[in-house]
Chemist: 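For reference, the structure I am asking about is given below.
Because the structure is a prediction, the values reported are computed rather than measured. When reading the values below, keep in mind they use all heavy atoms of this one structure, side chains included, and skip hydrogens, waters and symmetry mates. By convention in this document, chain letters (A, B, ...) are assigned in the order of the sequence lines, proteins followed by strands, and residues within each chain are numbered from 1.
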2 protein chains.
Amino acid sequence: MRIRTHVGLGLDGFIATPDGLPAWDAMPTFGPGSHGNAEFLEECDAIVMGRTSFDQGFEDWLANWPWPGKPVYVLTSRSLPENAAAAGVVASAGGPAGLVQQLRQAGLARDAQLLGDAKTIQAFLELGALDELGVVVLPVLLGKGIPLFAIEPTVFSPEAWAASLASPGEAAPGTLLRLDRHRAFPDGAIELVYRKGA
Amino acid sequence: MRIRTHVGLGLDGFIATPDGLPAWDAMPTFGPGSHGNAEFLEECDAIVMGRTSFDQGFEDWLANWPWPGKPVYVLTSRSLPENAAAAGVVASAGGPAGLVQQLRQAGLARDAQLLGDAKTIQAFLELGALDELGVVVLPVLLGKGIPLFAIEPTVFSPEAWAASLASPGEAAPGTLLRLDRHRAFPDGAIELVYRKGA
């Protein structure tokens, strides 16, 4: 069992508009199962999400449940709506680390899809609990919205540059990832899958 | 003559650290001419940059000029240092639109590389004056720094989501790009080249 994402993001890094509309929806070519979503879901036996994603989607999903027969784990410390259990939704109160335990004990034959939201994906990344970070870079610029990563944009500071020149040889400033595979879709979307470990 | 970029950016969208150190430098595999930089430069007869990039790099470059025999156009309304002209540096006071004219009149046989900075690339994009937006997505997360695009990160707002549900069918929220080509490097960096036009 691996925990994996398959999330669409605009080239400027947003997974959703400020309204919460997924970046996928900015693509005229997006539809049910497109961009590898159907085959990805086939490889997964469970869905994982944060409470924000659950609260945003639950009412909509009830009309046509997207994951019949697959348990849906929701990271939350609050109780779920009464009709959630019947749909296969399980509350997971132990945070990302507790959820990983819960998933392992569930004896899933295949993988778990970490759907969102951004903060939840960031928490799994931070913990090193994400086995595969899969993104589909969509050929679209959203300009504003909800970024996938926890980012702090800055502007160029001549003073900071001067200071860095004065102390060369500082440690490399980034966290390296390992690209496992990639593929292009006909509309110019590019799937990039990064795998844990060196 | 086409105006093109070939800029390295971390997967989280930064082209430089807060200090102004290029994202390229976060890659142990980066070196002179690596990641397609040498062949890209061979296809270009001129370099274009904003005043911020010029001021950041000029003193360093003087020691070992990176673009011998190629004019370097700097977008600026202020005068350049006296020793700039001898290195082939030309001030361009008419903004991106004026510079495009200037480049056309220069009768370049090949292309012009728009080097940076981020704000200058954004200005060319905004104007529709960038013929090719080429990026090399580096397998690294910088966390903070200078973003390539003019982005406004937001958080999810349940209120905004509720409002958007109440008025469905809004216009698509993004600007679509056209992927022309892509390639992977052995270290997991991926070059993506988007071309102007439908």
Side-chain angles (χ1 to χ4, degrees), chain A residues 10-14 16-21 23 25-28 52 55-56 60 117-119 125 135 137-158 160-161 163-165 170 172-180 182 184 187-190 192 194, chain B residues 10-14 16-21 23 25-28 52 55-56 60 117-119 125 135 137-158 160-161 163-165 170 172-180 182 184 187-190 192 194:
Chain A
L11 181 62
D12 51 358
F14 298 114
T17 68
D19 294 352
L21 196 70
D25 287 299
M27 297 301 299
T52 302
D55 284 344
Q56 181 184 356
D60 273 355
D117 39 62
K119 295 240 175 284
L125 264 178
V135 300
V137 179
L138 305 171
V140 69
L141 298 176
L142 295 185
K144 54 187 175 178
I146 303 168
L148 173 56
F149 298 104
I151 53 169
E152 288 179 49
T154 62
V155 295
F156 175 68
S157 153
W161 175 245
S164 78
L165 289 181
E170 295 283 310
T175 304
L176 290 175
L177 304 172
R178 189 166 68 81
L179 186 73
D180 184 68
H182 73 282
D187 64 354
I190 298 269
L192 304 175
Y194 301 90
Chain B
L11 182 63
D12 50 0
F14 298 114
T17 67
D19 294 351
L21 197 70
D25 287 298
M27 297 300 301
T52 302
D55 284 345
Q56 182 184 355
D60 273 356
D117 40 61
K119 295 241 175 280
L125 265 178
V135 301
V137 180
L138 305 170
V140 67
L141 298 176
L142 296 185
K144 55 186 173 176
I146 303 168
L148 174 56
F149 298 105
I151 52 168
E152 287 179 50
T154 62
V155 294
F156 176 67
S157 152
W161 174 246
S164 78
L165 290 180
E170 295 283 310
T175 304
L176 291 174
L177 304 172
R178 189 166 67 82
L179 186 73
D180 184 68
H182 73 282
D187 63 355
I190 298 270
L192 304 175
Y194 301 89

Chemist: How long is the gap from CG on A/L21 to CH2 on B/W161, to the nearest 0.5 Å?
Modeler: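 If I round to the nearest 0.5 Å, the distance is 6.0 Å.
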Chemist: Quick one: are A/I151 and B/I151 in side-chain contact, heavy atoms under 4.5 Å?
Modeler: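 A side-chain contact under 4.5 Å exists here.
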Chemist: Heavy atoms only, distances under 4.5 angstrom: which of A/K119, A/Q56, A/H182, A/K144 has the most pairs with chain B? Name it, please.
Modeler: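 The candidate making the most pairs under 4.5 Å is A/Q56.
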Chemist: Can you spot which of B/L11, B/V140, B/L138 makes a side chain to side chain contact (heavy atoms under 4.5 Å, CB included) with A/L177?
Modeler: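 Single side chain to side chain contact (heavy atoms under 4.5 Å, CB included) partner of A/L177 among B/L11, B/V140, B/L138: B/L11.
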Chemist: Under a 4.5 Å heavy-atom cutoff, which of A/A184, A/G145, A/A189 has the most pairs with chain B?
Modeler: A/G145
Chemist: Heavy-atom distances under 4.5 Å only: say whether A/F14 touches chain B with side chain, backbone, both or neither.
Modeler: side chain
Chemist: Is B/L148 close to chain A through its backbone or its side chain, or both, or neither, when contacts mean heavy atoms under 4.5 Å?
Modeler: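 No part of it gets close to chain A.
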Chemist: For chain A, which candidate among B/L125, B/L179, B/T154 shows the most heavy-atom pairs at distances under 4.5 Å?
Modeler: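 Among B/L125, B/L179, B/T154, the one with the most close pairs to chain A is B/T154.
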Chemist: Is the closest side-chain heavy-atom distance between A/S164 and B/T17 below 4.5 Å?
Modeler: no
Chemist: With sequence neighbours excluded, tell me which residues meet salt bridge (charged side-chain N to carboxylate O under 4.0 Å, His left out) with A/D55.
Modeler: A/R51, A/R78
Chemist: Where on B/L192 is there a heavy atom nearer than 4.5 Å to chain A: the side chain, the backbone, both, or neither?
Modeler: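 It is the side chain, since no backbone atom gets that close.
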Chemist: Could you check which of B/I146, B/L142, B/T52 has the highest count of heavy-atom pairs closer than 4.5 Å to chain A?
Modeler: B/I146
Chemist: Pick one of side chain, backbone, both or neither for B/Y194, based on which atoms fall under 4.5 Å of a heavy atom in chain A.
Modeler: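 It is the side chain, since no backbone atom gets that close.
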Chemist: If you count heavy-atom pairs under 4.5 Å with chain A, which of B/P147, B/G13, B/P153 comes out on top?
Modeler: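 Most heavy-atom pairs under 4.5 Å with chain A: B/P153.
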Chemist: Report the option among A/G188, A/P139, A/P158 that has the most heavy-atom pairs separated by less than 4.5 Å from atoms of chain B.
Modeler: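 So the answer, after comparing A/G188, A/P139, A/P158, is A/P139.
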Chemist: Below 4.5 Å from any heavy atom of chain A, which atoms of B/D60 appear? Answer side chain, backbone, both or neither.
Modeler: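 Only the side chain of B/D60 comes within 4.5 Å of chain A.
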Chemist: Please flag which part of B/A16 lies under 4.5 Å from any non-hydrogen atom of chain A: side chain, backbone, both or neither.
Modeler: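 Contact with chain A is absent: no heavy atom of B/A16 under 4.5 Å.
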Chemist: What's the spacing between B/F149 CZ and A/L141 CG if we round to 0.5 Å?
Modeler: 5.0 Å
